[in-house]
Amino acid sequence: MNTRRANLALWTFAVVPTLFVVLILFAPAVQGVVLSLRRGGPSIANYTAVLRDRFFWRAVEGNLIVPAGSLAVEFVIGLALALNLSGRRGRLAAVADIAAILPFAIPEIVLLTVARYIFMPRGYLNAALDAAGLGPLPWLVPGSPWSYFTVIVVDAWHVTPVVMLIILAGLQTIPPELYEAARLDGAGTIATFRYITLPMLAPAMLAALVLRGIDALRIFSTTLVLTGVEGVPVISTYAYHLWTDAQEPRVAMAASVILAVMIVVVALVGLIAMRRGALFALYE
Amino acid sequence: MAELEIYKLSRRFKSGGGVSDVSLTIEPGRLFVLVGPSGCGKSTLLRLIAGLESPDSGEIRFGEAGNADRRDLIAMVFQNYALYPHMSAFDNIAFALRLRHLSRPEIRRRVAEAAELAALHIDLSRRPAELSGGERQRVALARALVRRPRVILMDEPLSSLDAPLRSHLRIELKEFQRRTGRTVIYVTHDQFEALTLADDLAVMRAGTVEQVGAPDDVYQRPANVFVATFMGNPLMNIVRCRLPNASVSAPARSSEPALEIGGKLAMAMPFGLSGEVLLGIRPEDLTYKSSSDCAAFEATFTRVEFVGPGYLAYATVAGQELTALLDQPIEPGRTRWLYAPRRALHFFDPVSNRRIG
Amino acid sequence: MPGGGARAAPLRFAIDCLAVIGAAVPIYLLIKQAITPDLESFAWPPFWLPHHLTASNLKSVFELAELRSALLLSVIVAVAAAAISTVLGTMLAYAMARRERLRQTGMAGVTIARLLPMIAVALPLTTVLIRAGLYDSPTGMGLALIHAALAIPTTALTTYGAFVAIPAEQEEAAWLDGASPLRVFLAIDVPQARMAIAASLVLSFILSWDEFGFALLIQVTNRTMPPLLYYYTVFGDVGPASALALVMLAPAVAVIIALRPMLKSGFIAAPRH
């Protein structure tokens with residue numbers, strides 16, 4: 001239908017939800033930018049306060065290390081899970097399948113709660129290590145490299161299934177004839193993976209990397225629940241700390257604006273690296 | 001009074017296609033076929049009539065009905081029928097009536113009436129997915145009829161069916177139109193379907209109407225080279241000819257091969273032609289037998305295909321390709337005379353491509 | 001992986017084990033802690049198997065006023081958020097499915113919506129909600145609106161495919177039958193997309209049910225379950241925390257497993273804020 005009334009109806013259908021999202025998510029974000037630039041009058045004092053804070057720079061460091069580590073773990077394990085599940089049948093495959101998706105089904109805060117019990121000094125993991133004669137390790141001790149490791153592992157634990165699902169969907173798009181042709185050409189498992197699977201998966205993986213990268217930079221709950229604000233600081237928890245404990249709302253907003261800018265920059269770089277439209281292909 | 005008058009209607013799309021400056025008059029109670037190759041604008045024209053598209057310019061006037069809501073005047077049968085898959089056959093047919101808030105008994109009565117007219121004798125509680133192709137067509141027809149429209153539009157309703165069902169349903173559609181007496185405007189890309197179904201037909205190309213007329217008229221007297229080659233299968237041969245008395249002023253096209261006209265063929269020419277001319281002959285009009293009033297061609301055969309009703313022979317005549325539907329096979333490489341009766345010769349202007357005489 | 005030979009078997013086994021451990025360990029530990037007294041949870045070395053069973057933790061979820069009201073509030077917020085986001089997301093998806101230009105802008109918008117970090121929205125939004133009287137509201141409506149907005153990309157993407165699959169001719173037939181554009185949508189498209197709409201309802205319910213960050217910042221005293229669980233965990237009530245976690249876990253796991261075929265068919269799981 002291409003009549004005026006039909007067009008009007010469709011535009012209304014598009015505009016109403018858009019307006020709702022803009023009003024609730026984007027308008028406050030813009031207001032946050034405005035508020036962050038005021039202190040009595042227009043001022044950049046909130047930003048200089050953030051940038052002078054040594055703790056902020058630790059948070060920036062954490063906000064780079066944790067997402068990078070988490071992405072690396074997610075993609076290696078996600079790829080392994082996807083390759084392992086792809087094209088498999090039978091009852092055992094269904095069990096493996098559900099098991100692989102399950103950590104994503106567990107609400108994040110629930111998984112973090114359990115992770116605390118596992119990684120705390122007198123938790124299940126240290127008990128197991130102790131029993132094996134390996135002694136306890138400082139999994140969650142603030143400032144120790146182990147605490148970064150723990151945060152990375154737990155963060156990846158929750159979202160690896162998402163990466164697996166994206167890669168699995170990508171694997172489904174590879175025509176099986178390619179594998180047959182490669183086998184006839186004498187390619188072994190590794191050569192097939194190297195010359196067929198990996199290049200064919202590249203667009204999906206790149207898109208997944210951008211999407212997951214954006215999400216990873218927003219890290220908040222994992223570090224807050226596992227280590228608190230001080231243990232492994234990231235920008236979101238730093239802003240949260242300024243807001244709740246330090247009662248510095250404007251400075252908190254400045255910090256969160258800096259994070260938003262960081263994410264936009266990463267997203268832009270990612271989108272440019274990908275061919276245009278490849279991201280949309282992921283949704284369909 | 002005409003059922004429908006289309007006056008200088010235009011609708012162009014940014015992506016190309018559409019219709020330009022189309023004028024047509026459609027008489028009541030007729031089965032009017034719009035035929036043309038894909039992209040010729042026939043579906044756009046139908047959608048404009050339906051009101052599914054708005055024209056850039058021009059008008060569509062519904063004769064006596066005047067200014068009533070377009071949707072009360074017309075109904076449409078779609079390609080693939082577009083039945084509502086989540087509704088029973090009954091609900092499909094009753095949908096329009098429910099929107100008009102008719103009473104339940106009235107709806108039942110009118111659905112039964114429409115089903116009867118559409119020769120739909122099935123359990124109407126079944127869903128489209130449970131129906132055969134023919135049953136679906138009848139549901140679609142009943143759905144169109146139930147509103148008692150003046151005009152029913154049909155957009156290639158047969159194109160997605162296999163051949164046997166197609167010819168069966170074609171006959172059914174024609175009978176349906178006779179029985180109901182409605183005006184039907186029918187779109188197809190299939191020239192055979194157009195010829196067999198139509199009371200009147202319009203041949204379209206590139207957004208314009210090339211010829212309007214009765215099927216036999218259009219087939220026997222195509223208005224131009226496009227209509228001549230589009231209507232009919234196998235395709236009409238078009239041979240470039242040069243007249244013996246070509247005047248000096250006629251455009252010289254000596255570089256292109258052309259049939260020198262003389263003898264019997266010259267006698268068949270309409271009076272007053274000069275220079276070059278395009279000669280059209282349908283393959284089935286060519287025979288080995290000569291008669292008193294016919295044109296003759298010396299043809300060298302290159303290839304022969306058995307096509308069932310006869311042999312489709314490919315030949316060269318004065319450097320141009322010609323096909324002939326013959327009743328006997330012939331060996332490639334041989335040269336023989338082929339004859340065509342005078343009434344089977346079509347002449348076209350080489351510049352405008354229009355019919356001469 | 002197609003073509004993997006017999007040598008791949010031990011590797012496959014190892015990956016299977018990893019998947020099973022990653023899924024089973026947290027669920028097992030939660031169940032164990034929820035059905036044993038706190039003393040067992042704090043023991044060193046810890047008990048690997050439950051010794052003394054108790055129902056008090058699980059009962060407390062439904063008996064302690066704080067837990068019960070959090071459960072109720074979570075349900076209210078998630079139902080409201082799911083209803084709003086499914087209605088709006090379905091509308092958006094329909095518009096995207098019917099107009100190429102709207103599809104492109106819609107997809108771009110969906111992507112941009114993922115860029116905002118929770119904290120950059122939540123902090124200024126808090127001041128807005130205070131003014132609107134929706135901050136820390138006992139009915140959770142402020143949070144419900146936020147969750148609805150967050151879930152719209154998900155509900156739109158979930159239902160988009162169903163609308164694309166409905167041929168335009170059906171709508172044209174309905175329009176010619178006399179239906180208004182809204183009627184066409186309600187009578188022709190919605191019934192055919194009902195499975196996708198149902199999926200988007202439960203998915204958006206779960207997104208709200210699981211959401212932690214906004215809930216923590218906005219429902220500071222009238223808490224929903226995720227922030228309450230956070231406080232229980234931080235302050236060491238292992239038993240009730242585990243029981244609460246189990247109550248949260250059950251519907252989320254049920255929904256994701258039920259929607260597994262859809263998730264596997266290429267649908268990209270929702271962003272988590």
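Chain naming here is simple, since letters A, B, ... match the order of the sequence lines and numbering starts at 1 in each.
- At a 4.5 Å heavy-atom cutoff, the contact between Val128(C) and chain A is made by side-chain atoms alone.
- Only the side chain of Ala241(C) comes within contact range of chain A, with at least one heavy atom under 4.5 Å from a heavy atom of that chain.
- For the atom pair Leu249(C) CG and Leu102(A) CG, the distance stands at 7.5 Å (nearest 0.5 Å).
- Interatomic distance, Asp97(A) CG to Ile257(C) CD1, rounded to the nearest 0.5 Å: 9.5 Å.
- With a 4.5 angstrom heavy-atom cutoff, Phe185(C) touches chain A only via side-chain atoms.
- Only the side chain of Thr126(C) comes within contact range of chain A, judged by heavy atoms closer than 4.5 Å.
- By the 4.5 Å heavy-atom criterion applied to side chains, Leu217(C) and Tyr240(A) are counted as neighbours.
- Residue contact with chain A, scored on non-hydrogen atoms closer than 4.5 Å, is absent for Leu246(C).
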Using atom types as modelled, flag every donor-acceptor pair under 3.5 Å from a side chain in residues 256-267 of chain A to any protein atom, sequence neighbours excluded.
| residue | atom | partner | partner atom | Å |
| --- | --- | --- | --- | --- |
| Ser256(A) | OG | Ala252(A) | O | 3.4 |
| Ser256(A) | OG | Met253(A) | O | 2.9 |

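- Distance CD1/Ile256(C) to CD1/Ile101(A): 8.5 Å, rounded to 0.5 Å.
- Relative orientation of the Tyr124(A) and Trp48(C) rings is tilted, given thresholds of 30° and 60° on the angle between their planes.
- Of the atoms belonging to Ile152(C), it is side-chain heavy atoms, and not backbone ones, that fall under 4.5 Å from chain A.
- Heavy atoms of Ser85(C) lying under 4.5 Å from chain A are absent altogether.
- Both the backbone and the side chain of Val238(C) have a heavy atom closer than 4.5 Å to some heavy atom of chain A.
- Using a 4.5 Å cut-off between heavy atoms, Leu216(C) contacts chain A through its side chain alone, with no backbone atom that close.
- Within the 4.5 angstrom heavy-atom criterion, only backbone atoms of Ala94(A) (N, CA, C, O) approach chain C.
- To the nearest 0.5 angstrom, Leu85(A) atom CG is 9.0 Å from Ile15(C) atom CD1.
- Neither the backbone nor the side chain of Leu176(C) has a heavy atom closer than 4.5 Å to any heavy atom of chain A.
- Contacts of Leu145(C) with chain A are made by both backbone and side-chain atoms, with heavy-atom separations under 4.5 Å.
- Atom CG of Leu102(C) sits about 8.5 Å away from atom OG1 of Thr18(A), to the nearest 0.5 Å.
- The CG atom of Leu88(C) sits 6.0 Å away from atom CZ of Phe20(A), with the distance rounded to the nearest 0.5 Å.
- Contact of Phe47(C) with chain A is made through the backbone alone, with heavy-atom distances under 4.5 Å.
- Heavy atoms of Glu169(C) lying under 4.5 Å from chain A are absent altogether.
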